[in-house]
Amino acid sequence: MASHERPLSPHIQIYRWQISMALSILHRVTGVGLGLGTLLMAYWLIALAAGPVAFADAQALSGSWIGRLVLLGFTFALCFHFLNGIRHLFWDIGQGFEISTMRTSGWMVIVTSIAGTIAIWIAGYAARGSL
Amino acid sequence: MSMQTPLGKVRGLGSAKEGAHHWWHQRLTALALLPLTAWFVISMITLMPADYAAAQDWLGSPIVAGLMLLLIFALFYHLKLGLQVVVEDYVHTPWLKTSTLIVLMFASILLGLASVLSVLLVAFGV
């Protein structure tokens, strides 16, 4: 019978890192991160409903350097989870399973999520007129 | 020799013990979140310079409030389904798994409800 001590696959200490497993893990990590990020969205909405003082506090917090750092990470997590999620939806309809296609789509997701993060922040600063 | 069918042998062996509707709802909410989050991010970019009055104006529009409610529902449902799988995969102590799932369920409902009430308060100008 199966023993409880047997290693699970992929056993990440001995398994060679590959783009498929790295992106799968990153999809989960960004999902959990975005889950924490919903606290920020809820806080922002509550502050907007609570009144001008609470809203000014929320805006000041998100505009501080730590707020911007968190929002930058949040933007990347959202871009990645969004784009890699589309990749997952294609797999769900049975498309893109060839190893070469899977690697190409994985790299496309990495490049486009970094590009998307940069584009969103440039657009954000441009909208503020500070660019 | 076992008289069980192959399906009967494997049924219930996954970490969640059941799953098709969970899987399907996770995909449905994912699909809904594609346009909704894209809209939300674009709105946040254009709202960057906004002050309190402008943000109130924005959320006061019925279309914006409606889209926000759709976003909140799809987002917190998708979040609950996703985090549930993570907990089921990595938390193996039965009592801890159950309590974490309970906290997760209650927390998503509370956060979702707080967000919905905030949108409604602004939308109806209370």
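Note on naming: letters A, B, ... go to the chains in the order of the sequence lines (proteins, then strands), and numbering restarts at 1 for each one.
- No other option in S62(A), P52(A), A47(A), A127(A) has as many heavy-atom pairs under 4.5 Å with chain B as P52(A).
- Considering only heavy-atom pairs separated by less than 4.5 Å from chain A, the leading option among G82(B), A55(B), A114(B) is A55(B).
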- Task: Go through L28(B) and W24(B) one step at a time and tell me if the side chain to side chain contact (heavy atoms under 4.5 Å, CB included) criterion holds.
- Result: CA-CA 6 Å; L28(B) 276 180; W24(B) 177 236; 3.5 Å; yes
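- Between S64(A) and L61(A), the shortest heavy-atom distance links the atoms OG-O, 2.7 Å.
- For I99(A), the CD1 atom sits in a loose shell: 12 or fewer heavy atoms of surrounding residues, nucleotides or ligands are nearer than 6.0 Å.
- When the side chain to side chain contact (heavy atoms under 4.5 Å, CB included) test is applied to S43(B), the partners found at least two apart in sequence or on another chain are W39(B), W58(B).
- With a 4.5 angstrom heavy-atom cutoff, V41(B) touches chain A only via side-chain atoms.
- Heavy-atom neighbours of chain B within the stretch residues 33-44 of chain A, taken at a separation under 4.5 angstrom, comprise G35(A), T38(A), L39(A), M41(A), A42(A), W44(A).
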- Verify side chain to side chain contact (heavy atoms under 4.5 Å, CB included) between M105(B) and Q84(B), making sure each step is shown before the conclusion. CA-CA 9 Å; M105(B) 181 76 166; Q84(B) 181 187 343; over 6 Å; no
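- Heavy-atom minimum distance, T37(B) versus L33(B): OG1-O, 2.5 Å.
- Distance alone, capped at 3.5 Å, places no donor-acceptor pair between the T93(B) side chain and the L96(B) backbone.
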- Query: What do the steps show when you test S118(B) against L48(A) for side chain to side chain contact (heavy atoms under 4.5 Å, CB included), and what is the final call?
  - Reply: CA-CA 7 Å; S118(B) 304; L48(A) 183 58; over 6 Å; no
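- Between the side chain of Q59(A) and the backbone N or O of D51(B) there is no donor-acceptor pair closer than 3.5 Å.
- Rounding to the nearest 0.5 Å places CG of L23(A) at 12.0 Å from CZ of R103(A).
- Side-chain atoms of K80(B) and I109(B), non-hydrogen and from C-beta on, never get closer than 4.5 Å to each other.
- Taking a 6.0 Å sphere around CZ of R68(A), one finds it holds more than 12 heavy atoms contributed by other residues, nucleotides or ligands.
- Within residues 60-79 of chain B, the residues that have a heavy atom under 4.5 Å from a heavy atom of chain A are M68(B), L71(B), I72(B), L75(B), F76(B), H78(B), L79(B), listed by number.
- Contacts from residues 78-98 of chain A to chain B, taken as heavy-atom pairs separated by less than 4.5 Å, involve L78(A), H81(A), F82(A), I86(A), L89(A), D92(A) in sequence order.
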- Is there a side chain to side chain contact (heavy atoms under 4.5 Å, CB included) between W17(A) and I25(A) once you walk through the steps? CA-CA 11 Å; W17(A) 278 85; I25(A) 292 168; 3.7 Å; yes
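- Here the side chain of S115(B) pairs a donor or acceptor atom with the backbone of L111(B) at under 3.5 angstrom.
- W121(A) and Y125(A) have tilted rings, their planes meeting at an angle from 30° to 60° on a 0 to 90° scale.
- With a threshold of 4.5 angstrom between heavy atoms, L59(B) approaches chain A through side-chain atoms but not through N, CA, C or O.
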